[in-house]
Engineer: 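Here's a structure for you.
Indexing begins at 1, ligand by ligand and atom by atom, following the structure's order.
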Amino acid sequence: MNQKLKLLEQEAKDAIRGVSTIAKLREVNSLYLGSKSPLREIMKTIKDLTNEEKKEVGMEINRFKAMITEEVEIKEKQIQEDLIQRRLETEEIDVTLSGTSFPKGSIHPLTAITEEIEDIFIGMGYKIAEGPEIELDTYNFEMLNLPQGHPAREMHDSFYINPNVLLRTHTSPVQVRTMLEEKGKFLKIICPGRVYRRDNDDATHSHQFMQIEGLVIGTVVSMSDLKGTLSELAKKMFGENREIRFRPSFFPFTEPSVEVDVTCFKCNGKGCSLCKNTGWIEILGAGMVHPNVLKMAGYDPDIYQGFAFGMGIERVAMLRYEIDDIRVFYTNDVRFLKQF
Ligand code: PHE
């Protein structure tokens, strides 16, 4: 019996060593260890042996199994290593081949302008304040000196969700919220964000657009501080030689109120199509914070003063890049966006 096993073992080892694929190896494995292997035949005859012999043959059989299993494992590893080796030898990577290029996006012009203006004001010590686009009538109008029925509400006609809640028509309510939160502290903030007005959508109007408004509150804040600040903004945005001028205007939340123009950066003030031959381009509205607004937000107007201003980002972007249709900002045509 042992003799038989010895022969079988030699035969199996030779067979294992002779194979060169994993599939063949599996075949050989089941040929010598599987249910139809000669080993099974040997095992069937064990029952006729003496106890002593049974023990001895049993041990031999286990040794045989372990030996074959080990040989198979060694062979398998070897085959796999050979495979890898062969791939390494035959496959080459040509590092000189030109690669696949991935399409690269760019920053949307409105985002770029917003960030540029934010940077300018952060440089002057301002903080950025943000608020909800769905706003209470109280913050959007009431506390900005625009009571129910005030005619100036017409200019801001909006999308109401219910009589007390609307899509904000400007980012000024963020200023109100900040004043209420900071409870009488000095403030220097800008409020960027999306605003909504019921408007016709045409080349220069959109029912949704973006604004940046600013607010400064202290005890000694004057109109000349406002002019200095906006002059700095104009120079940084449109070039060192820019000058600004104030024209009297009206906003319910500021008194006095001004419309701010900058000298045309295309013709340097001489007159051209961009400035409609006036030499000036209107960029924003501003003024000194109305005493009523201060009072309603808990700031004593006999102690505190402030200035505020607000501009449309689209308008600045349209001037800067000479874009003549506001709608191109929102349709996201890549032929337009790719230019930035
Ligand atoms: N809130 C005004 C608007 O949206 C802009 C503005 C802000 C004007 C602050 C003056 C002062 O029309």
Engineer: Checking contacts here: is it the side chain or the backbone of Phe309 that comes within 4.0 Å of ligand 1, counting heavy atoms only? Could be both or neither.
Structural biologist: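 Just the backbone.
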
Engineer: Measure up the Phe250 and His150 rings against each other and bin them: parallel (under 30°), tilted (30 to 60°), perpendicular (over 60°).
Structural biologist: parallel

Engineer: Answer with yes or no whether the side chains of Tyr330 and Glu314 bring together a donor and an acceptor at under 3.5 Å.
Structural biologist: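 On atom types as modelled, these side chains qualify, holding a pair under 3.5 Å.
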
Engineer: Just by distance, do the side chain of Ser257 and the backbone of Phe251 share a donor-acceptor pair under 3.5 Å?
Structural biologist: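 Indeed, once roles are kept as given, a pair shorter than 3.5 Å links the two residues.
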
Engineer: Does ligand 1 have a heavy atom under 4.0 Å from the side chain of Gln211, from its backbone, from both, or from neither?
Structural biologist: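 Side chain only.
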
Engineer: Is Arg327 salt-bridged to Asp325, going by a charged N under 4.0 Å from an acidic O?
Structural biologist: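 Result for this pair is yes, salt bridge flagged.
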
Engineer: Any atoms of ligand 1 less than 4.0 Å from a non-hydrogen atom of Phe251? List them with their elements.
Structural biologist: 8 (C), 10 (C)

Engineer: Nearest protein heavy atom to atom 12 (O) of ligand 1, by residue and atom, and its distance?
Structural biologist: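 Looking only at protein heavy atoms, the one closest to atom 12 (O) of ligand 1 is Arg197 NH2, 3.4 Å.
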
Engineer: Polar contacts were defined as any N/O atom of the residue lying under 3.5 Å from an N/O atom of the ligand; does this apply to Thr254 and ligand 1?
Structural biologist: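 No, Thr254 has no N/O under 3.5 Å of an N/O on ligand 1.
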
Engineer: Which ligand 1 atoms are under 4.0 Å away from a heavy-atom of Ser172?
Structural biologist: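 Taking each heavy atom of Ser172 in turn, ligand 1 has 1 (N) under 4.0 Å.
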
Engineer: Applying a strict 4.0 Å limit to heavy atoms, is Arg168 in contact with ligand 1?
Structural biologist: no

Engineer: Verify whether one side chain among Arg198 and Ser158 offers a donor that lies under 3.5 Å from an acceptor in the other.
Structural biologist: no

Engineer: Between Glu213 and Ser172, do the side chains contain a donor N or O and an acceptor N or O under 3.5 Å apart?
Structural biologist: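 Short answer, yes.
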
Engineer: If you measure from each non-hydrogen atom of Ala286 to ligand 1, which part falls under 4.0 Å: side chain, backbone, both or neither?
Structural biologist: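 For Ala286, the contact with ligand 1 is made by the backbone alone.
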
Engineer: Does Gln175 approach ligand 1 within less than 4.0 angstrom via side chain, backbone, both or neither, non-hydrogen atoms only?
Structural biologist: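 Under 4.0 Å from ligand 1, Gln175 contributes no heavy atoms.
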
Engineer: Will you find, in the side chains of Glu181 and Thr178, an N or O donor that is under 3.5 Å from an N or O acceptor?
Structural biologist: no

Engineer: What is the nearest protein non-hydrogen atom to atom 1 (N) of ligand 1, stated with its residue, atom name and distance?
Structural biologist: Glu213 OE2, 2.7 Å

